[in-house]
Every structure is written in structure tokens, then in C-alpha cells.
Amino acid sequence: MRPTKAIVSLGALGANLKAAANLSAVSRNVAVIKANAYGHGASAIARALEPDVDAFAVAFMEEAVALREAGILRPVLVLEGCAQRDEVEEAAARNFWLMVHDRRQVDWIQAARLKKPVTVWIKTDTGMHRLGFDRNGTDQAVRSLAESENVRSSMVLCTHLSCADNPDSAETRRQITEFRTLARAYSLPVSIANSAGILFWPDSHADWNRPGYMLYGNAPGGSSEIGAAGLQPVMRLSSELVAVRHLASGEAVGYGQRWRAARPSVIATVPIGYADGYPRHASDGTPVLVRGQRSPLVGTVSMDMITIDVTEVDGVEVGDPVELWGSSLSVNEVAACAGTIGYELLAGLTGRVPITYHP
Ligand SMILES: *Cc1c(COP(=O)(O)O)cnc(C)c1O
């Protein structure tokens, strides 16, 4: 069996949820586990979190259905709401909470024939300009849905911040103020904060928070400084060296001969590649831990393998442990070397990497 695997610490997950809860003691938490729980395995993560959260959130209906099929009982907020008219009935029957971001979804809910009413969150656009109603649209949606027998009285008014990972963002301050002003017209519970809001914007803490990335132990905004918030990376992506060779000065490594040895070099091969979700854009110098020692990736990332310059690692041999990211090497740092963010690397881990869960 290939030694490449993702090792997930459920203890770290629990600690991160506590950190989120401690930062905002007044708020209840919807744990965001969309995209296969950011690559960590949605059903296992949901099972581990279920005793300690009030609800889960996913992006769309199929993700919510998969949680029910895995035996998860808590409410599941569907962040994009229904994509089709006929999904409203299933959402109500399965106790999904539906985000409503446009008039079409309001119409579907009003027209549905439901055995029991559905819980609705109304999305207001305060500047993300992706989904949600403007001020008038929000007003109409609140009124229409409040009158509908198909809707539970416990509606929530929600917005999403576009720049909260920048702690100095004037735009975030504006969005929070605009939303709070709007929300004053309704006596509804409200929800604003994602992880960045929870970590950097106390004013965004509200009745419901929606932590995602931070639950997995990483700081949004690309920082690899997570200690202050008490976060612990949940995933360790690990493997072992499967080959070690000596190159003379001037010899090249990998496809296209992107990297060429400037001195006699020791090159080690690790069986992970872009088909596993390791980023193909990782540049020469991207750190990899070999025997716990930071070593530079050299040469183009292949589909199934990468190559590392281990010239500086003493006593290196086949079978030595490798960490691609985890608690000793931030996924944000690796992502930065590939021109992306840690979210994309975690969510992009593919199904061929087995995940093992540790307490
Ligand atoms: C993904 C998402 C979240 C969670 O965001 P993080 O940055 O991962 O905490 C919260 N709310 C909405 C609407 C989202 O789409």
C-alpha cells in the first residue's frame, strides 16, 4: 500500500471548535463542512462535531443529503439554498435549513406543498455581490416568507463578509454597519461571521456564527500564525520517501527539466502528485518536511510524484517520513508557494488519498 495518507486529529478538531466558541461566547455555531469538510471527510467530521454544534452548513442539497445518508441528525443549513423547485419538499422533510438568496427561491417555498414547514435563512448582500437580496429585496423576502405557512417563524437574517481576513478592512466595517442597521428593522436572529469574522471582527459575532476553515486549524488570510487563536491543524498530509538518488552538478530533475542541480545533490522522490491534490503549481523551493527537516521541492510536480532536494538532510534513506502539510508545516505556507490559499489545497485533496482518523 502506498504510504501517502491524510491523518486527521479529531482532538484538534474539537479544540478548534472550542476556540471558536470561546472567541464568541454569545453565539451559536453552524459548523461549515461543505466540500467534504474542506477535504477532511464530511461524514466523519460531522459525526465527531455533532454532540457539540447546533447545526451544520454545506453548499448545496446533495451535500446535505449525503450527511443524512451518513446518519447525521442535526439541522443542515444549505448555504446556496435550493437549486430546483422540487428540492424544497425534501429540504423540509429532512430538516435542512434553506438559505434564500433570490426571488425565485421565495416563490418555490411559497408554492411548495409541505407536510411541515421549513426553516429559512434570508441572505442579504452587503458587498460580496455574489448572492443575496438588496435592501428592498430583503424587505420583500422577509415579508413574503413571514406570511407563508410553509416557513417556520424562526427565520434568520444573514450576510457574508468579503474582506474579513484583512483585520484593517474599511469595507468590512462598512458591511457590518450596513447589515446591523438593516437588521434593526426586523426582530430576527442574525448571522454574519465566517472564520475571519470570528477571529478578527468581534462586531460581526452574532446569534449564529459560521466557522469553516478555522475548525480545521488554519487561519484565513494566509497567515501561518495560528498559535494566538489556539488553533491546531487537524490534517497532516504525510508520506514516505520511495527513492533516493545522487545527481551530479548540472543534471536536471523531472518533466521539462525545470530544476537543474547547481552542485552535487541528493534527490528524494515522494509518491504524491497533482492527482492527489498536491498543487502542480508548487514552485521550486516549496517546503516539504523530510525526517522533520524543511527541504525544498525541486522540479515539476508530476501526477503521482514529487521530488525533493534532501542534500542537507543527514542520513536520508528510503522509507523516511515526509510531511507535506500539517502542524509542523502550515498548509497556508505551502499554498503561498503555489500561488493559492490553504482552502484550495485542503478542499482539493482527492479521493485517492486515504484519510485515517485519530482521537
Ligand atoms: C464557506 C462559507 C463559510 C465558512 O467560511 P470560512 O472562511 O471557511 O470560515 C461561511 N459562510 C458562508 C456563506 C460560506 O460560503
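Atom set for the values below is all heavy atoms of this structure, side chains included, hydrogens, waters and symmetry mates excluded. Remember, it's 1-based here, ligands and their atoms both numbered in the order they're listed.
When hydrogens are left out, the protein atom nearest atom 9 (O) of ligand 1 is S195 OG, 2.5 Å; that is the closest non-hydrogen contact. Distance from atom 2 (C) of ligand 1 to its nearest protein heavy atom, with residue and atom name: K34 NZ, 2.6 Å. Protein heavy atom nearest atom 11 (N) of ligand 1, with residue, atom name and distance: R210 NE, 2.9 Å. At the shortest separation from atom 8 (O) of ligand 1 among protein heavy atoms lies Y38 OH, 2.5 Å. The protein atom (non-hydrogen) at minimum distance from atom 7 (O) of ligand 1 is Y343 OH, 2.6 Å.
Within the 4.0 Å heavy-atom criterion, the part of H160 lying near ligand 1 is the side chain and not the backbone.
Under the side chain to side chain donor-acceptor pair (under 3.5 Å) criterion, Q257 pairs with R260, not counting sequence neighbours. Partners of R294 by side-chain contact (heavy atoms from CB on, under 4.5 Å), not counting sequence neighbours, listed by chain and number: P287, L289, L329, E333.
Of the N or O atoms in Y213, one or more lie within a sub-3.5 Å distance of an N or O in ligand 1.
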Stepwise ring-ring contact (aromatic ring centres under 6.0 Å, His included) check, H101 with F133: CA-CA 6 Å; H101 67 78; F133 297 101; 7.6 Å; no
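Residue M214 places no heavy atom under 4.0 Å from ligand 1.
With hydrogens and angles disregarded, a donor-acceptor distance shorter than 3.5 Å links the side chain of N150 to the backbone of A112.
Rounding to the nearest 0.5 Å places CH2 of W201 at 15.0 Å from CG of L23.
Surrounding CG of N22 are more than 12 heavy atoms belonging to other residues, nucleotides or ligands, all under 6.0 Å away.
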